[in-house]
Protein chains: 2
Amino acid sequence: MRIGQLAEATGTTTKTLRFYEESGLLPPAERLASGYRDYAEDAVGKVAFIHRGQAAGLTLAQIRQILKIREHGQTPCSHVQGLLGQRLGELDAQIAELLALRETIFQLHEKASKPEPDSCSSDQVCRYI
Amino acid sequence: MRIGQLAEATGTTTKTLRFYEESGLLPPAERLASGYRDYAEDAVGKVAFIHRGQAAGLTLAQIRQILKIREHGQTPCSHVQGLLGQRLGELDAQIAELLALRETIFQLHEKASKPEPDSCSSDQVCRYI
DNA sequence: ATGAACCTTCCAGTACAATGGAAGGTCAAG
DNA sequence: CTTGACCTTCCATTGTACTGGAAGGTTCAT
């Protein structure tokens with residue numbers, strides 16, 4: 001399977017696949033006599049895994065760790081569980097932060113809906129922020 | 001007021017202040033005979049405004065727009081209101097996305113808490129993702 | 001044999017908001 | 001007069017996940 005076919009099969013681009021290989025997410029592909037990359041069938045599963053990992057909000061660095069564990073013949077289960085737990089904590093923190101920010105912006109937006117340009121002193125630039 | 005003092009007064013660094021000037025957020029400072037930057041008092045207010053804008057989740061590009069309007073002697077009120085409204089919409093979308101992602105991760109995390117390593121087939125890399 | 005479609009490597013750039021460091025100039029105190 | 005704190009410019013780098021383009025090699029159909 002050449003790189004274009006793998007890209008097609010996984011809904012990505014050849015550029016991205018080469019980038020994944022260079023970033024250590026995919027093992028260096030076998031080469032044909034021509035120098036073209038020649039992927040085994042399981043490459044499709046690996047790329048699909050990368051996509052699922054991204055959809056789960058994992059970074060490529062985290063996905064790389066999981067793939068490395070698998071490459072070493074181990075099952076990455078407990079590591080994955082740890083990552084998911086960590087990600088959950090990060091998400092909760094991020095959501096809390098955004099909700100607080102949303103409230104702040106909402107207040108500012110309300111205030112700005114009753115404009116009083118004259119009370120904008122130039123040393124504060126804008127009364128509403 | 002020299003750059004170090006302005007940095008101190010506004011809780012930032014000289015690096016950042018020069019970066020702001022180069023990025024068009026702050027007008028080019030006056031210079032002393034030595035070539036040192038010599039800031040007027042109102043610089044403190046401008047930098048503080050930049051910080052408040054950032055705290056409100058505005059990008060430096062958006063803050064720059066507001067500051068430009070003020071520099072042209074106008075009051076940026078309606079523009080600010082527009083930006084805040086836009087920001088509110090973005091925040092709502094982002095929060096909704098994160099909540100959905102949180103739910104996904106939560107499910108995965110639950111599933112991963114009952115490990116069954118043997119059912120991880122190598123073509124999917126990890127049963128839990 | 002020639003053109004299209006595919007592949008290769010390498011280098012550079014995107015957005016964001018700074019940050020780091022080198023090489024050198026200025027100023028006040030001791 | 002020297003030391004140290006401060007300032008100057010310029011260039012490069014950080015992290016994330018790619019994306020774009022140049023210059024050239026391969027494969028296949030016509």
Side-chain angles (χ1 to χ4, degrees), chain A residues 1-26 28-39 43 46-67 83 86-87 90-91 94 97-98 101, chain B residues 1-26 28-39 43 46-67 83 86-87 90-91 94 97-98 101:
Chain A
M1 190 180 220
R2 285 179 318 181
I3 196 168
Q5 298 170 311
L6 179 58
E8 173 99 3
T10 54
T12 184
T13 64
T14 59
K15 278 281 190 197
T16 299
L17 291 174
R18 285 190 206 98
F19 167 74
Y20 284 169
E21 177 177 317
E22 208 198 334
S23 313
L25 285 154
L26 296 175
E30 299 295 304
R31 299 297 180 123
L32 298 169
S34 59
Y36 288 10
R37 285 175 179 78
D38 183 27
Y39 289 95
K46 280 180 187 167
V47 176
F49 173 76
I50 294 172
H51 290 338
R52 291 198 306 278
Q54 288 193 296
L58 300 180
T59 65
L60 292 187
Q62 293 172 321
I63 295 169
R64 176 167 42 235
Q65 289 179 351
I66 301 171
L67 285 160
L83 283 176
Q86 182 191 323
R87 190 75 195 102
E90 287 166 9
L91 272 177
Q94 207 182 340
E97 226 174 83
L98 284 183
L101 182 56
Chain B
M1 190 181 220
R2 284 179 317 180
I3 197 167
Q5 298 170 312
L6 179 57
E8 173 98 2
T10 55
T12 184
T13 65
T14 59
K15 278 282 188 196
T16 299
L17 291 175
R18 285 190 205 100
F19 167 74
Y20 284 168
E21 177 176 317
E22 208 198 334
S23 312
L25 286 153
L26 297 176
E30 300 293 305
R31 300 297 180 122
L32 297 169
S34 58
Y36 289 10
R37 285 174 178 78
D38 182 27
Y39 289 95
K46 281 180 187 167
V47 176
F49 174 75
I50 295 172
H51 290 338
R52 290 198 306 279
Q54 288 193 296
L58 299 179
T59 65
L60 292 187
Q62 293 172 320
I63 295 168
R64 175 166 45 232
Q65 289 178 351
I66 300 172
L67 286 160
L83 284 176
Q86 183 191 321
R87 191 76 196 102
E90 288 166 8
L91 272 177
Q94 207 183 339
E97 227 176 84
L98 284 183
L101 182 56

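Lettering of chains follows the sequences in order, A, B, ..., and the numbering in each one begins at 1. Source: prediction; values computed, not measured.
Other residues, nucleotides and ligands contribute at most 12 non-hydrogen atoms within 6.0 Å of the CD atom of B/E8.
Donor-acceptor pairing under 3.5 Å, judged by distance alone, is absent between the side chain of A/Y36 and the base of C/dT8.
In terms of phosphate contacts, B/R37 brings no side-chain nitrogen or oxygen within less than 4.0 Å of OP1 or OP2 of C/dT26.
If A/A61 and B/G35 are placed on DNA chain D by their nearest nucleotide, the residue sitting closer to the 5' end is B/G35.
We find that A/R87 and A/E90 are joined by a salt bridge, their nearest charged nitrogen and carboxylate oxygen being less than 4.0 Å apart.
The residue A/T59 sits close only to the backbone: its heavy atoms come under 4.0 Å of sugar-phosphate atoms, none of a base. No contact: A/L32 has no heavy atom under 4.0 Å from any strand. At a threshold of 4.0 angstrom between heavy atoms, the contacts of A/R18 include nucleobase atoms, whether or not backbone atoms are also involved.
Between its opening and closing five pairs, the helix from C/dA1-D/dT30 to C/dG30-D/dC1 changes axis direction by 30°, a value rounded to 10 degrees.
In the set D/dG20, C/dC6, C/dT9, D/dG20 carries the atom at the smallest distance from any side-chain atom of A/K15. With C/dT26, D/dA17, C/dA18 as the choices, the nucleotide that has an atom nearest any side-chain atom of A/F19 turns out to be D/dA17.
Rounded to a whole Å, the CZ atom of A/R64 is 9 Å from the P atom of D/dA17.
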